[in-house]
Amino acid sequence: MCVIGVPIDDYTMNIAIKCCCQLFRTKDGFALLGCCFRRAIVPTVFTFSTLLDGLIREDRILEAERLFKNLIKQKLCEPDVVTYSTMIKGLCKFGSNDMAIGLLRLMDERGCSWEEVSKMLKEMEDERISPDLQTFNVLVDAFCKEGKVDEAEAVIDIIVERGEVPNIVTYNTLIDGYCLRGEVRKARTLFDSITARGLIPSVITHNTLLNGYCKTLKIEEAMHMFHEITRKGLKPNIVTHNTMLQGLFRVGRCGAARRLFDEMRAQGQVPDECTYRIILDGLCNNHQVEEALSVFHLVGDSKLNSDVMVYTILIDGACKCGMLDIAKNLFHDLTIKGLRPNAWTYCVMISGLCGEGLLKEAKQLFQKMDECGCPPNNVTFRVLLQGYLKNQNYDDVEMLLQQMDGRGYSLDATTLSLLIDQVAAGALDRNMLKLMGRLVPKELMDTPV
DNA sequence: TTAGGGTTAG
């Protein structure tokens with residue numbers, strides 16, 4: 001492989017692989033790795049860490065783990081602190097997501113992989129590879145995303161004990177963690193203390209807190225924060241605008257959202273696909289599905305409209321407004337466009353069908369998921385179960401519960417209480433309670449009644 | 001040249 005007669009070296013190859021991985025085309029990255037071997041270019045720890053990160057970005061945790069183990073077993077390279085941190089990030093990501101069944105089997109219990117993480121930290125110690133601030137930031141982030149802010153704070157204590165100084169990323173992550181738990185006041189206090197710690201809050205810091213205000217519907221504080229950014233001489237970016245737009249839609253201020261949209265464009269800010277999704281979703285949630293559909297049609301065939309998420313938003317909006325035919329057409333259109341519905345898309349469509357009592361169609365779609373390589377997840381099962389229960393159709397309930405058990409899935413509080421109600425009413429067999437018990441996640445058991 | 005933080009549908 002060469003460009004205009006210049007042979008490709010390992011440096012260039014690594015950059016090319018990085019590009020593939022960042023574009024979610026890790027497969028192409030591996031094809032380039034194959035090229036390396038054929039061309040006697042020796043891949044380095046950079047190459048493998050990049051590919052590992054690519055796999056993790058694409059949620060291909062099993063393959064990431066396999067690659068990581070092979071690196072060591074086949075002595076492909078010596079993993080360094082980046083390799084370990086990347087693998088830890090993957091394990092954390094795995095522990096905090098709705099898992100596919102195969103992945104779940106890998107872990108001893110439902111969900112968490114903290115043991116794996118601590119084992120890996122131990123390994124790093126043995127290999128005398130010292131975790132650095134970034135490794136710890138990965139852990140702070142993972143704990144925050146799980147809602148375990150106390151653990152995140154403990155990690156920060158460890159950072160300080162080790163004589164290291166948390167950086168702005170550490171604090172941004174913790175601010176986000178507080179916001180995710182709805183503790184915006186705590187987030188604000190931390191935000192205000194950042195300067196005293198000798199750090200300067202960045203646009204991301206502001207955006208994070210802005211998002212916290214928006215999510216908790218504190219729109220006045222959000223507007224204040226929005227203006228604070230420019231007042232401080234910082235430049236609001238697309239994320240700032242998207243966050244503020246979403247906040248306005250959430251409190252039903254569609255007109256203000258519209259004005260902000262015009263304003264941002266006048267300032268030269270180019271809306272991105274995220275802006276577009278926020279607008280469509282905002283309109284749908286404010287009973288303006290027709291308006292959302294007309295925006296969608298106005299945009300026409302484009303990159304923006306070749307997006308599964310956009311279709312999912314509109315299908316959901318149409319279903320909730322009783323426009324099931326439109327929802328069905330959209331679902332059909334997206335496949336014609338060559339787009340593949342994901343678990344979320346199936347979920348809103350199944351939910352829409354159940355809402356109209358079309359259980360047979362819902363069941364057919366549900367069964368299609370496995371065939372289409374998009375296995376139903378926890379939420380899909382719950383939605384279908386709720387559909388059956390609300391329509392007083394109990395034939396498939398036990399089978400669905402058994403399938404859930406087999407896949408290592410669990411019930412949420414809503415579905416569980418619907419099920420128990422039906423047992424109490426005599427519509428479902430009492431013997432099913434044992435099966436239901438197995439499907440109750442530990443956290444739900446701990447919840448005080 | 002490899003890793004970390006903010007917006008995006010059930």
Side-chain angles (χ1 to χ4, degrees), chain A residues 9-19 21-22 43-54 56-57 77 79-90 92 98 131-142 144-145 166-177 179-180 201-212 214-215 237-247 272-282 284-285 307-317 319-320 341-352 377-380 382-383 386:
Chain A
D9 57 4
D10 56 343
Y11 175 88
T12 321
M13 193 59 105
N14 282 339
I15 297 202
I17 291 176
K18 182 190 163 193
C19 288
C21 290
Q22 292 205 334
T44 62
V45 63
F46 290 115
T47 326
F48 289 112
S49 298
T50 310
L51 287 166
L52 190 68
D53 186 55
I56 289 163
R57 272 172 203 261
C77 72
D80 63 5
V81 64
V82 176
T83 329
Y84 276 102
S85 300
T86 306
M87 196 58 229
I88 288 170
K89 181 179 77 176
C92 292
D98 248 20
D132 61 12
L133 186 56
Q134 292 219 65
T135 320
F136 286 110
N137 280 349
V138 166
L139 287 173
V140 173
D141 184 44
C144 283
K145 293 230 161 73
N167 62 10
I168 191 72
V169 175
T170 324
Y171 290 115
N172 286 351
T173 312
L174 190 58
I175 289 175
D176 195 37
C179 289
L180 280 171
S202 65
V203 175
I204 293 181
T205 322
H206 289 79
N207 286 351
T208 309
L209 193 53
L210 176 69
N211 186 43
C214 288
K215 288 272 153 72
N237 60 18
I238 186 69
V239 178
T240 322
H241 284 109
N242 288 349
T243 310
M244 194 67 241
L245 270 176
Q246 199 196 35
D272 63 1
E273 66 269 34
C274 208
T275 324
Y276 185 56
R277 288 173 196 151
I278 288 169
I279 291 172
L280 293 182
D281 188 52
C284 285
N285 288 327
D307 176 6
V308 178
M309 225 194 243
V310 162
Y311 275 93
T312 312
I313 291 167
L314 292 173
I315 292 169
D316 190 37
C319 285
K320 283 183 179 150
N342 60 29
W344 206 307
T345 325
Y346 278 106
C347 201
V348 294
M349 198 61 242
I350 289 170
S351 166
N377 62 18
N378 241 331
V379 189
T380 335
R382 293 170 190 170
V383 164
Q386 289 187 23

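The chains referred to below are lettered A, B, ... by the order of the sequence lines, with proteins before strands, and numbering in each begins at 1. All values reported here derive from a predicted model rather than from experimental measurement.
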Scan side-chain atoms only and decide if [X] and [Y] contain a donor-acceptor pair under the 3.5 Å cut-off.
| X | Y | value |
| --- | --- | --- |
| A/T44 | A/T47 | yes |
| A/N242 | A/D272 | yes |
| A/N137 | A/D141 | no |
| A/S49 | A/T83 | yes |

Nearest whole angstrom, please: distance from the [atom2] of [N] to the [atom1] of [X].
| X | N | atom1 | atom2 | result |
| --- | --- | --- | --- | --- |
| A/I313 | B/dT7 | CD1 | P | 15 Å |
| A/I56 | B/dT2 | CD1 | C1' | 12 Å |
| A/I278 | B/dT8 | CD1 | C1' | 6 Å |
| A/H206 | B/dT7 | NE2 | P | 16 Å |
| A/L245 | B/dT7 | CG | C1' | 10 Å |
| A/D141 | B/dG4 | CG | P | 9 Å |
| A/K145 | B/dT7 | NZ | P | 8 Å |
| A/I238 | B/dT8 | CD1 | P | 13 Å |

From the options [options], select the nucleotide whose nearest atom is closest to the side chain of [X].
| X | options | answer |
| --- | --- | --- |
| A/F46 | B/dG10, B/dT7, B/dT1 | B/dT1 |
| A/T380 | B/dA3, B/dG10, B/dT8 | B/dG10 |
| A/V379 | B/dT2, B/dG10, B/dA3 | B/dG10 |
| A/D316 | B/dA9, B/dT2, B/dT1 | B/dA9 |
| A/Q134 | B/dA9, B/dT2, B/dA3 | B/dA3 |
| A/S49 | B/dA9, B/dT8, B/dT2 | B/dT2 |
| A/R57 | B/dG10, B/dG4, B/dA9 | B/dG4 |
| A/T243 | B/dT7, B/dG4, B/dT2 | B/dT7 |
| A/Q246 | B/dA9, B/dG10, B/dG4 | B/dA9 |

OP1 or OP2 of [N] versus the side-chain N and O atoms of [X]: is any pair under 4.0 Å?
| X | N | answer |
| --- | --- | --- |
| A/Q22 | B/dT1 | no |
| A/K89 | B/dA3 | no |
| A/K320 | B/dA9 | no |
| A/N14 | B/dT2 | no |

field: Any donor-acceptor N/O pair under 3.5 Å between B/dG10 base and A/N342 side chain
entry: no
- prompt: Below 3.5 Å, does any donor atom in the side chain of A/T50 face an acceptor in the base of B/dT2, or the other way round?
  reply: no
- prompt: Does A/R277 pair with A/D307 as a salt bridge, N-O distance under 4.0 Å?
  reply: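 Answer for the salt bridge query: yes.
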Electrostatic pair A/D53:A/K89 at N-O distance under 4.0 angstrom: yes
Under 4.0 Å between any heavy atoms, over every strand shown, what does [X] touch: base, sugar-phosphate, or nothing? Just pick one.
| X | result |
| --- | --- |
| A/V348 | sugar-phosphate |
| A/D132 | base |
| A/N237 | base |
| A/D53 | sugar-phosphate |
| A/S202 | base |

message: If you compare all heavy atoms of A/V379 against all heavy atoms of A/C347, which two are closest, and at what distance to 0.1 Å?
response: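 Shortest heavy-atom separation between A/V379 and A/C347 comes out as CG1-SG, 3.8 Å.
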